[in-house]
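Notes for the one structure printed next.
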2 protein chains.
Amino acid sequence: MARAGLTPDRVRDAAIELVRAEGFEELSLGALARELGVRVPSLYNHVTGLDALRATVAAAAVLALDEALSEANTLETIAHAYLAFARTEPGLYRASLRAPDPENTHHEAAALRVLERIEEALSEFPLGPDERIDAIRGLRALLHGFVELTLAGAFEMPRPIEVSLDAVLAVFRRGLETFPAT
Amino acid sequence: MARAGLTPDRVRDAAIELVRAEGFEELSLGALARELGVRVPSLYNHVTGLDALRATVAAAAVLALDEALSEANTLETIAHAYLAFARTEPGLYRASLRAPDPENTHHEAAALRVLERIEEALSEFPLGPDERIDAIRGLRALLHGFVELTLAGAFEMPRPIEVSLDAVLAVFRRGLETFPAT
DNA sequence: CATTAAAAACTAATAGCGTTAGTTTTAACC
DNA sequence: GGTTAAAACTAACGCTATTAGTTTTTAATG
């Protein structure tokens, strides 16, 4: 019937657009099929199933996040880039949180790259190995928590989020700078 | 048929137990009805629907979190109590994240109380009004982010989570102590 | 004690989801 | 032009939540 001309790539791209527009939770085979002008079972010619589709989108999302962080190399710049990505692409950010399938090398590599960028943002501080682990965990928690609360609308507005982020980063920086001198 | 003798309270309690045992995402009317030895539609005699049931569990979860934090009044003790609650009751913790319905006064009050406890943990620091807002946001982000990454298993094990939390709190504390002196 | 009435449980049905099996149709290639 | 493989389809199943309508049980009331 007039064949829609789908391919795995086209399906994936449409899924990504759907996630960008509606959010990761809104990704369903029904919505995707509607978007592509096709019946739901037809998607199975191009995708293993919903779970695999989610995994594919997640991989692309991590790649996008990695890209968004590529210009940043200091504590402050990476934090702002991270928050900015989450705010402009909340759907992709949520998707990026999905743990990569161990078999998906590209996905895992990209996730590792993001982690390394965060690690790199702490390289200016002279930290011992254990301290470094703690600092990375702390920074990740800070970034993720800040984003999560921001997206959830948990921060009532009056004071701009970015200003608070800067202040918190200043606290974190100060703590790190005086930390080795315990 | 032999009437199971359900009440809204018993249904709510069973839902809470189910969430504690299986997680908030696993809460479904099917699972709950099975647990109570009743058919699914029978639940509607005691609950408006799944969404209301989730809201009820969420309210109870926030109450439990508030209770778990009740003994803590310093930065360090509240952080550890927070993490401990999330680790021992991951289902309830996840449930507690659901935004309260504005009409549910008890729920909103409990959520506010949790917030006040976090705020109280910062009272020892001499901060200006704006700085205080930033510090609260930062601490909330830190706690929530830490918990989230811990539950997600994002922190590979070798180094104990609590040790890292202590280190991060020390950094945060140090930063706060030297902050006003900018 | 019998009757009435409310509430609790039921069955049946609908609409949505993802998934599988089996069938038709389209397009490409020899 | 006929063969073949892939793409799309319909039909069906099992799972969700939900609503409507029915039976049954309990409790209260005359």
Side-chain angles (χ1 to χ4, degrees), chain A residues 1-61 91 94-95 97-99 101 103-104, chain B residues 1-61 91 94-95 97-99 101 103-104:
Chain A
M1 265 196 176
R3 196 164 280 208
L6 297 188
T7 65
D9 278 12
R10 283 208 47 200
V11 171
R12 182 206 54 184
D13 290 349
I16 290 172
E17 282 318 303
L18 207 157
V19 166
R20 292 184 63 199
E22 310 289 341
F24 191 51
E25 326 67 39
E26 302 305 315
L27 176 60
S28 71
L29 294 180
L32 188 56
R34 204 175 311 119
E35 204 67 37
L36 290 168
V38 100
R39 301 310 185 96
V40 174
S42 308
L43 296 175
Y44 282 83
N45 286 312
H46 312 284
V47 180
T48 310
L50 178 61
D51 201 61
L53 186 65
R54 288 201 181 117
T56 306
V57 173
R94 282 269 146 77
L97 298 179
R98 185 184 220 265
D101 302 0
E103 71 238 24
N104 190 336
Chain B
M1 265 195 175
R3 200 165 277 204
L6 297 188
T7 67
D9 279 11
R10 283 206 45 197
V11 171
R12 182 207 53 184
D13 290 349
I16 290 171
E17 281 318 303
L18 207 157
V19 166
R20 292 184 65 200
E22 309 289 341
F24 192 50
E25 325 67 38
E26 302 305 317
L27 176 61
S28 72
L29 295 181
L32 188 55
R34 204 172 312 120
E35 205 67 37
L36 291 167
V38 102
R39 299 310 184 97
V40 175
S42 307
L43 296 175
Y44 283 84
N45 285 312
H46 312 100
V47 179
T48 310
L50 178 62
D51 202 59
L53 185 66
R54 288 202 180 116
T56 305
V57 173
R94 282 269 146 75
L97 298 177
R98 188 184 218 262
D101 301 2
E103 72 237 23
N104 190 336

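To find a chain, count down the sequence lines: A is the first, B the second, and so on, and within it residues start at 1.
Applying the side chain to side chain contact (heavy atoms under 4.5 Å, CB included) rule to B:Glu22 yields the partners B:Leu18, B:Glu26; only residues at least two apart in sequence or on another chain are considered. Residues forming a side chain to side chain contact (heavy atoms under 4.5 Å, CB included) with A:Leu36 (at least two apart in sequence, or on another chain): A:Leu6, A:Arg10, A:Val11, A:Ala14, A:Leu32, A:Leu43. With sequence neighbours left out, the side chain to side chain contact (heavy atoms under 4.5 Å, CB included) criterion links B:Ala99 to no other residue. Residues satisfying the salt bridge (charged side-chain N to carboxylate O under 4.0 Å, His left out) test with B:Glu35, not counting sequence neighbours, are none.
Scanning residues 21-47 of chain A for heavy-atom distances under 4.0 Å to DNA chain D yields A:Val38, A:Arg39, A:Pro41, A:Ser42, A:Asn45, A:His46.
In this structure, CG of B:Leu50 is placed 14 Å from C1' of C:dC17, rounded to the nearest angstrom.
Among residues at least two apart or in separate chains, side-chain hydrogen bond (donor to acceptor under 3.5 Å, both in side chains) pairs with a member in residues 39-60 of chain A are A:Asp51-A:Arg98.
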